[in-house]
Each structure stands twice: as structure tokens, then as C-alpha cells.
Student: 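To start, I am sharing the structure in question, which I have written as C-alpha cells.
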Amino acid sequence: MAFSHNYLLFSSVLSVLAIVGNGYVWPSPVLDRMESIMFQQSGLLREGFVDGVSPCGFGTNIEGRQNAAEWVRTAFHDMATHDAQAGTGGLDASIMFETERPENLGSAFNNTFGFFFSFHSYRASMADLIALGVYASLRSCNGPRVPIRVGRIDATEAGPPGVPEPTHDLDTIVSKFASMGFSKQDMIQMVACGHSLGGVHGNDFPQMVGSDSVEAFAHFDTTFANYDSAVVTEYLQDTTQNPLVKGPNETNSDLRVFSVDGNKTMEAMADNAVFQTTCASILERMINTVPSNVALSEPLSPLPVKPITPKTTLNSDGTITFEGFIRVGTTERNDTELAVTMQYANADGTTSSSNVIEAIPIRAQGGSGSGIAGDFNYNAYQFSAALTNGISQFNVSVKPSSSGIEHYDNEGHGFPYRDDIIIQEPQSCLISTQPDGNGNFNLTVVAAVKEKLISTPTYLQVIEKFPRQGVLIPGLVERKVEMKAFQDTTFGYKLLSGSYLLPSVSWLTEYKVINGDSQDDFRSTGSLTDSCGPF
Ligand code: HEM
Ligand SMILES: *[C@@H]1O[C@H](CO)[C@@H](O)[C@H](O)[C@H]1NC(C)=O
Ligand SMILES: *[C@@H]1O[C@H](CO)[C@@H](O)[C@H](O)[C@H]1NC(C)=O
Ligand SMILES: *[C@@H]1O[C@H](CO)[C@@H](O)[C@H](O)[C@H]1NC(C)=O
Ligand SMILES: *[C@@H]1O[C@H](CO)[C@@H](O)[C@H](O)[C@H]1NC(C)=O
Ligand SMILES: *[C@@H]1O[C@H](CO)[C@@H](O)[C@H](O)[C@H]1NC(C)=O
Ligand SMILES: *[C@@H]1O[C@H](CO)[C@@H](O)[C@H](O)[C@H]1NC(C)=O
């Protein structure tokens with residue numbers, strides 16, 4: 001595989017996943033990205049990950065489709081090929097390469113990937129997105145909160161087969177769960193917790209449903225659009241229409257699984273409150289079943305105060321524009337009328353009492369946003385300031401109208417933000433109007449780089465997407481191009497330029513500029529225009 005050596009480079013991003021106290025020390029590429037995808041669902045700064053599963057019964061207008069069910073099933077089928085003894089497989093997105101296997105019958109998997117497509121990036125692995133999909137589906141369906149740890153690494157090829165199938169006998173199913181690292185009781189719980197949503201499709205399993213039409217979608221329980229214990233109670237009362245219980249003996253695996261311990265585990269889960277806590281726990285174990293080389297973070301919780309897409313731009317008068325958003329959590333607040341200010345240190349580390357930036361409430365959308373099902377509420381504030389002495393770090397103060405001032409200093413570190421390297425978006429461009437003969441777009445990136453760094457090379461790093469045979473999600477590969485100085489400024493910076501020809505599949509991607517330890521954040525090519533402007 002021509003690209004495989006490049007995957008080694010990805011490990012550097014994933015190495016620091018420590019979470020401290022209430023949150024984690026900002027910035028952290030993977031944690032920052034996944035935290036935003038998890039907690040910014042609607043309103044200002046929305047990522048909209050939940051859109052695919054909201055409301056719970058939502059299915060993109062296709063008969064017999066329930067996205068929330070498909071996302072949960074995707075997580076199970078991906079995990080199910082884990083070999084606990086060897087420490088291989090598990091939630092690693094290898095399912096992307098395995099959609100044509102008989103054990104992965106149906107369109108659920110590609111449907112799921114199609115939705116995750118636009119969230120997948122260098123910082124958000126498909127495996128982490130699949131895990132997050134379980135959280136989002138359950139919350140959207142009135143279910144429990146499954147804690148989300150991140151740091152999963154995507155497989156780059158198919159793994160061995162091994163997903164249990166309805167035709168397998170009980171011993172086979174039990175031993176498959178055992179090799180994944182789960183007991184008989186775990187197995188019963190996990191299957192019941194999965195089969196609270198969705199059902200069996202006639203077009204994929206006609207013998208079970210008694211019809212091969214797309215419309216024939218036989219639900220596991222009567223409340224398939226609510227995450228509850230009905231799958232258990234209807235089974236125990238023998239009123240169930242679950243085809244994996246009531247269908248032909250050859251394929252009634254739920255009956256075999258549910259009754260393996262004389263219904264003991266099912267009886268314990270009949271109570272809805274017990275069902276919720278049991279499922280949060282077994283599904284958490286399911287999504288944390290990962291290859292042994294993966295180190296997962298602590299569970300994500302929202303940062304109380306988070307800088308969102310801060311960026312700097314060097315202006316032709318020598319000032320530096322510093323702009324972006326501050327997200328302030330309001331979930332636990334009675335008083336959400338907040339005055340938000342930032343205190344920053346100059347590039348040389350010194351501060352002065354005038355180094356204060358006021359962050360302004362945003363008028364649109366009530367100035368606020370939220371996570372799924374009330375899991376998080378926040379206000380968003382916008383800031384933009386012209387700095388004359390640069391910046392090295394900042395802190396944030398929040399003053400509710402009815403109580404005292406609160407200081408947020410990023411767990412005592414201050415929020416680091418350096419101006420050694422400044423990506424100059426106004427001088428950068430993605431020339432989509434003039435593709436070359438192969439349909440590639442010219443990405444040109446200009447950065448202002450401090451003169452003290454010029455003796456060592458500066459690189460434009462581009463995350464290029466490449467199509468993969470039989471896989472819906474493109475692969476990601478890191479490309480590096482050395483940037484060349486082309487203009488001096490009188491402000492202690494030189495302007496450097498680098499360019500890369502991006503294939504059309506990859507025109508919407510991310511890039512950054514690096515010199516040794518100094519770097520600007522990842523930026524999206526989506527915010528670049530067609531023409532590079534003058535400085
Ligand atoms: C013995 C193990 C299992 C067997 C044999 C099994 C079998 C099946 C079958 C045959 C379907 C119908 C698929 C279709 O028509 O598209 C299905 C659907 C589903 N399974 Fe399982 N399953 C098992 C365990 C699990 C587990 C552990 C979970 C998750 C925790 C799960 C989650 C789901 C979900 C959510 C659906 C509904 C999909 C939809 O409506 O599109 N299953 N399962
Ligand atoms: C299915 O299994 C049950 C219980 O083992 C048995 O009583 C029944 O006759 C079987 N049905 C068929 C159609 O084989
Ligand atoms: C378990 O529950 C099912 C469904 O109600 C029932 O058919 C079966 O006899 C029960 N098994 C035991 C051992 O009680
Ligand atoms: C919010 O108001 C409730 C009820 O008045 C009170 O119990 C609670 O302590 C208040 N919380 C905060 C953070 O002020
Ligand atoms: C931010 O807070 C940290 C820790 O309290 C402190 O060391 C630093 O000087 C503060 N920075 C500014 C700009 O006030
Ligand atoms: C999923 O999508 C890939 C890429 O388009 C395709 O090759 C594969 O056959 C699809 N799988 C199924 C089951 O349709
Ligand atoms: C991209 O366009 C710029 C400006 O036209 C040009 O200087 C550069 O050589 C091009 N880059 C590539 C890789 O073709």
C-alpha cells in the first residue's frame with residue numbers, strides 16, 4: 001500500500017490525550033475537535049453531528065430506514081471482530097473495508113459513513129466518530145449518556161471476519177462474544193441494548209420478515225423510536241414481534257441469546273431505569289473495545305470556557321488582528337447575562353493593564369447554542385482586536401450580572417497563543433476556477449513567519465484525501481511542502497509562500513504551517529477564496 005508509511009506521522013497528534021480536573025489543557029488537536037463535535041449541536045457554533053439521528057426515528061426519507069439504529073449497529077459490527085487475547089481489532093473503523101461481507105448485510109454501514117464523511121479529519125478519526133455516534137443516537141432517542149473517550153486510530157485495511165449471525169448456534173455466538181472479551185451476561189445485555197432501536201429489513205432478510213420488500217421493516221419492539229426496555233418487557237411477556245425471537249428457528253438468535261441463562265439477565269433489565277444504566281455501561285465497554293495499541297483519553301466533558309477558532313492576521317500597518325470566539329458554558333447557570341473579557345500577554349510575555357479585549361455577545365440565535373438533549377448549554381462571544389505588541393497567551397474572565405467575577409486560566413497554564421507563525425488567509429487562495437489537466441486545484445498558502453525562525457525550514461502541511469477502492473471514506477495522508485520567503489516586512493516578519501496541487505476529492509481539507517515547534521492551527525481550505533490578495 002503506497003501510502004502506509006505516512007500513517008506513522010499521525011501518531012504524533014494522538015500522543016497527548018491527558019484530561020485534567022474538569023476538562024483538559026487547551027489546545028489539544030483531537031480533544032478540541034471531538035469535544036466541539038460532541039457538545040456544539042445546535043444554535044451558534046453548531047457542528048450538527050446529531051442532525052442525522054434527530055428526531056430518533058429519522059431516516060433520510062427512505063422507507064425502512066432509522067439512522068439512529070444504523071449508527072448503533074455500525075459500532076457493534078466494527079467492534080465484533082476484536083480478538084481480546086491478541087489485542088487486535090475492535091472499534092477501529094475497519095468496518096469501512098468490510099461492507100460487502102455477508103456478515104455485514106445491508107446498506108446501514110455506508111449510510112452511516114456517508115453521514116460521518118464531512119466530520120472525518122486528521123483530528124476526528126472514523127473510529128472516534130463511530131463511538132460518538134452511539135452517544136448521539138441514544139441521547140437523541142431519550143436514552144442514557146454513554147461516556148465518550150477519544151483517541152481511536154483508524155485501520156487502514158480490512159480485519160478478519162467474525163460478526164455473529166442469526167443463523168449461528170448458541171455455542172458459536174457465546175464463543176464469539178467470549179473472544180471479544182464479553183461474558184454470557186454481557187452478551188445478553190449488549191444484544192438487548194442494541195435491539196431497542198430499529199429492526200430487520202425484508203429486503204436483506206426476507207426469510208425472517210416474510211417479505212423481500214424495502215417497506216417490510218419488522219421492528220424489534222413497539223417503541224423502536226424510543227430508547228427503552230420495551231425490547232425486554234415485550235419479550236418476557238411473550239407479546240414481542242421481534243423477528244429474531246418469533247421468526248424461523250434457524251434465525252431466531254435473540255431467543256437463543258436472551259434465554260441462555262433462563263431469562264435471569266432479561267428479567268433484571270425489565271425495569272426501565274435499570275435498562276438505562278445497564279445499557280450505558282455495556283455500550284461504553286463496547287465502544288472502548290479497541291486494539292491494545294490505542295490509548296483512550298478520559299471521558300470528554302465540555303470545557304467551561306473554550307476559545308473557538310482563534311486566529312491572527314498580520315496587517316500591512318504592522319498590527320496583528322486577533323479574532324475568534326469564546327464559548328462559555330451556561331448549563332449550570334441561573335444568570336446567563338455575562339460580560340466576557342480576555343487579558344492577554346504580549347509576544348515577549350509582558351502584560352499591561354490595557355491588554356484587555358472585550359468579547360461581545362452575538363445577537364443571532366439568542367447568543368447561545370446547545371448540545372444534545374440538554375447535555376450542554378453555552379453562550380458564544382465574538383472578539384476582534386488589533387494588537388501592537390503581539391500575543392503569547394491569554395486568560396478569560398466571566399462576570400455574571402448578579403454575582404462575582406470568575407477567572408478561567410486553562411488549568412493554571414493560561415491559554416497559549418503564539419504569533420511566531422501567522423497564516424495569512426487574505427493572501428492565500430484555493431484556485432478552483434482553473435483546475436490543471438488532471439482536475440487538481442492549486443492551493444497557495446502565505447504565512448508571516450518571525451525572522452528569528454527563518455534560518456530553519458518552514459513547511460506547509462496539507463492533509464490530502466485520497467479515494468480508496470471499495471471504501472466510501474477517503475484516506476488521509478499528510479503532505480509537506482517547504483515554503484519560500486518572497487517578501488520582507490518592516491515588522492520582524494517575512495512572508496513565505498507554499499503551494500500544493502489538491503485533487504478535486506480533496507479540495508475541502510485542512511492545512512497548517514509548521515516551523516520546528518512553532519505552528520499555526522489547522523485551517524480549513526473552505527474559508528479560502530479563489531484569488532490570493534496583495535499584502
Ligand atoms: C448475536 C448477536 C447479534 C445478531 C445475530 C444480530 C442480528 C441482527 C440482524 C439480523 C439485524 C437486522 C439487520 C437488517 O435488517 O438490516 C440486526 C439489526 C440491528 N442490530 Fe443486531 N444482532 C446482534 C447483536 C447486536 C448488538 C450487540 C447490537 C448493538 C449493541 C446490535 C444492534 C442492532 C441494531 C441497532 C439493529 C437495527 C438496524 C436497523 O434498524 O437498521 N445488534 N441485528
Ligand atoms: C422450533 O423450535 C421449537 C423449540 O425447540 C420447536 O418446538 C418447534 O417445533 C420448532 N419449529 C420448527 C418449525 O422447526
Ligand atoms: C424466557 O422467556 C421466554 C419469552 O417469554 C419464554 O418463552 C421462555 O420459556 C422463558 N424461559 C425460561 C427458562 O423461563
Ligand atoms: C440557581 O438557582 C437555584 C434555585 O434558586 C439555586 O438552588 C442554585 O444554587 C442556583 N445556582 C447557581 C449556580 O447560582
Ligand atoms: C493567566 O493565568 C496564569 C495562571 O494563573 C498566569 O500565570 C498568567 O500570567 C495569566 N496571563 C495573563 C495574560 O494574565
Ligand atoms: C460501500 O461503498 C463503497 C464505496 O462506494 C462500495 O465500494 C461498496 O460496495 C459499498 N458497500 C455496499 C454494501 O454497498
Ligand atoms: C500555484 O499557483 C501559484 C500562483 O499562480 C504558482 O506560483 C505556483 O507555482 C502554483 N503551484 C503549483 C504547485 O502549481
Side-chain angles (χ1 to χ4, degrees), residues 6 8-10 12-13 15-16 27 29 122 307 309-324 344-351 355 385-394 413-431 442-464 477-502 509-525 527-529 531-535:
N6 291 293
L8 294 173
L9 298 166
F10 282 62
S12 60
V13 162
S15 58
V16 185
Y122 188 81
T309 59
K311 68 175 182 184
T312 44
T313 310
L314 179 67
N315 303 311
S316 55
D317 64 0
T319 60
I320 290 173
T321 299
F322 177 46
E323 61 193 328
Y344 65 95
N346 299 326
D348 65 4
T350 60
T351 49
N355 280 13
L387 313 179
T388 48
N389 297 304
I391 183 166
S392 51
Q393 54 136 286
F394 60 91
H413 300 260
F415 293 94
Y417 201 82
R418 284 162 68 184
D419 59 5
D420 303 7
I421 291 186
I422 302 177
I423 291 177
Q424 293 290 102
E425 280 184 13
Q427 286 87 54
S428 305
C429 54
L430 178 67
I431 310 171
N442 177 320
L443 168 70
T444 295
V445 173
V446 169
V449 177
K450 281 228 168 117
E451 273 160 9
K452 63 173 190 199
L453 298 180
I454 292 295
S455 57
T456 55
T458 300
Y459 295 97
L460 166 63
Q461 183 193 65
V462 181
I463 308 304
E464 183 176 337
V477 58
E478 187 186 75
R479 305 290 191 192
K480 269 169 123 183
V481 178
E482 191 171 342
M483 298 177 75
K484 295 280 176 257
F486 70 96
Q487 189 176 332
D488 288 341
T489 70
T490 52
F491 320 120
Y493 288 92
K494 281 188 196 296
L495 296 184
L496 275 65
S497 175
S499 66
Y500 189 76
L501 289 176
L502 277 179
T509 186
E510 294 182 314
Y511 65 95
K512 62 158 60 177
V513 174
I514 309 178
N515 178 306
D517 289 340
S518 297
Q519 50 186 280
D520 202 331
D521 260 355
F522 277 111
R523 301 283 182 95
S524 169
T525 53
S527 51
L528 296 177
T529 62
S531 64
C532 290
F535 179 63

Student: For N346, is there any backbone N or O sitting under 3.5 Å from a side-chain donor or acceptor partner on S392?
Tutor: yes
Student: Could you state the interatomic distance from OH (Y459) to CD1 (I514), rounded to the nearest 0.5 Å?
Tutor: 10.0 Å
Student: Any side-chain to backbone donor/acceptor pair from N515 onto I454? Under 3.5 Å, distance only.
Tutor: no
Student: Looking only at non-hydrogen atoms, find the nearest pair between V446 and S428 and report the distance.
Tutor: N-OG, 2.9 Å
Student: CD/Q393 to OH/Y417 distance, rounded to the nearest 0.5 angstrom?
Tutor: 14.0 Å
Student: So, the side chain of D520 versus the backbone of I423: is there a donor-acceptor pair under 3.5 Å, distance only?
Tutor: yes
Student: So, N355 side chain and A345 main chain: donor-acceptor pair closer than 3.5 Å or not?
Tutor: no
Student: Could you give me the CA-CA distance, side-chain angles and deciding distance for T321 and N315, then say whether side-chain contact (heavy atoms from CB on, under 4.5 Å) is met?
Tutor: CA-CA 7 Å; T321 299; N315 303 311; 2.8 Å; yes
Student: How long is the straight-line distance from OG1 of T313 back to CD of Q424, given to the nearest 0.5 Å?
Tutor: 6.0 Å
Student: In Å, rounded to the nearest 0.5 Å, how long is the span from CG of N442 to CD1 of I431?
Tutor: 4.0 Å
Student: Can you measure from CZ (R523) to NZ (K311) and round to the nearest 0.5 angstrom?
Tutor: 5.5 Å
Student: How far apart are the closest heavy atoms of L528 and Y511, and which atoms are they?
Tutor: CD2-OH, 3.6 Å
Student: N389: which residues meet the side-chain hydrogen bond (donor to acceptor under 3.5 Å, both in side chains) condition with it, sequence neighbours left out?
Tutor: none
Student: Mind checking the OH-CD1 spacing from Y493 to I320? Nearest 0.5 Å is all I need.
Tutor: 3.5 Å
Student: Strictly by salt bridge (Lys or Arg N to Asp or Glu O under 4.0 Å), give each pair with a member in residues 444-456 just once, sequence neighbours left out.
Tutor: D419-K450
Student: Starting from the C-alpha separation in whole Å, work towards a yes-or-no answer on side-chain contact (heavy atoms from CB on, under 4.5 Å) for S499 and V481.
Tutor: CA-CA 7 Å; S499 66; V481 178; over 6 Å; no
Student: Go through the steps for Q519 and Q461 under the test side-chain contact (heavy atoms from CB on, under 4.5 Å), then give the verdict.
Tutor: CA-CA 10 Å; Q519 50 186 280; Q461 183 193 65; over 6 Å; no
Student: A quick test of your reading: do over 12 heavy atoms of other residues, nucleotides or ligands sit less than 6.0 Å from CG of D317?
Tutor: yes
Student: Give the minimum heavy-atom separation between Y122 and I463, together with the two atoms involved.
Tutor: CD1-CD1, 3.4 Å
Student: Tell me whether D348 contacts the main-chain N or O of T350 through its side chain, where contact means a donor paired with an acceptor under 3.5 Å.
Tutor: yes
Student: Is there a side-chain contact between E464 and T509 (heavy atoms, below 4.5 Å)?
Tutor: no
Student: If you look at every heavy atom in A447 and V513, which pair is closest and at what distance?
Tutor: CB-CG1, 4.0 Å
Student: Are the ring centres of F322 and F394 closer than 6.0 Å?
Tutor: yes
Student: Work out which heavy atom in P534 is nearest to a heavy atom in Q427; give both atom names and the distance.
Tutor: O-NE2, 3.2 Å
Student: Which pair of non-hydrogen atoms, one from D488 and one from K494, has the smallest distance, and what is that distance?
Tutor: OD1-NZ, 2.7 Å
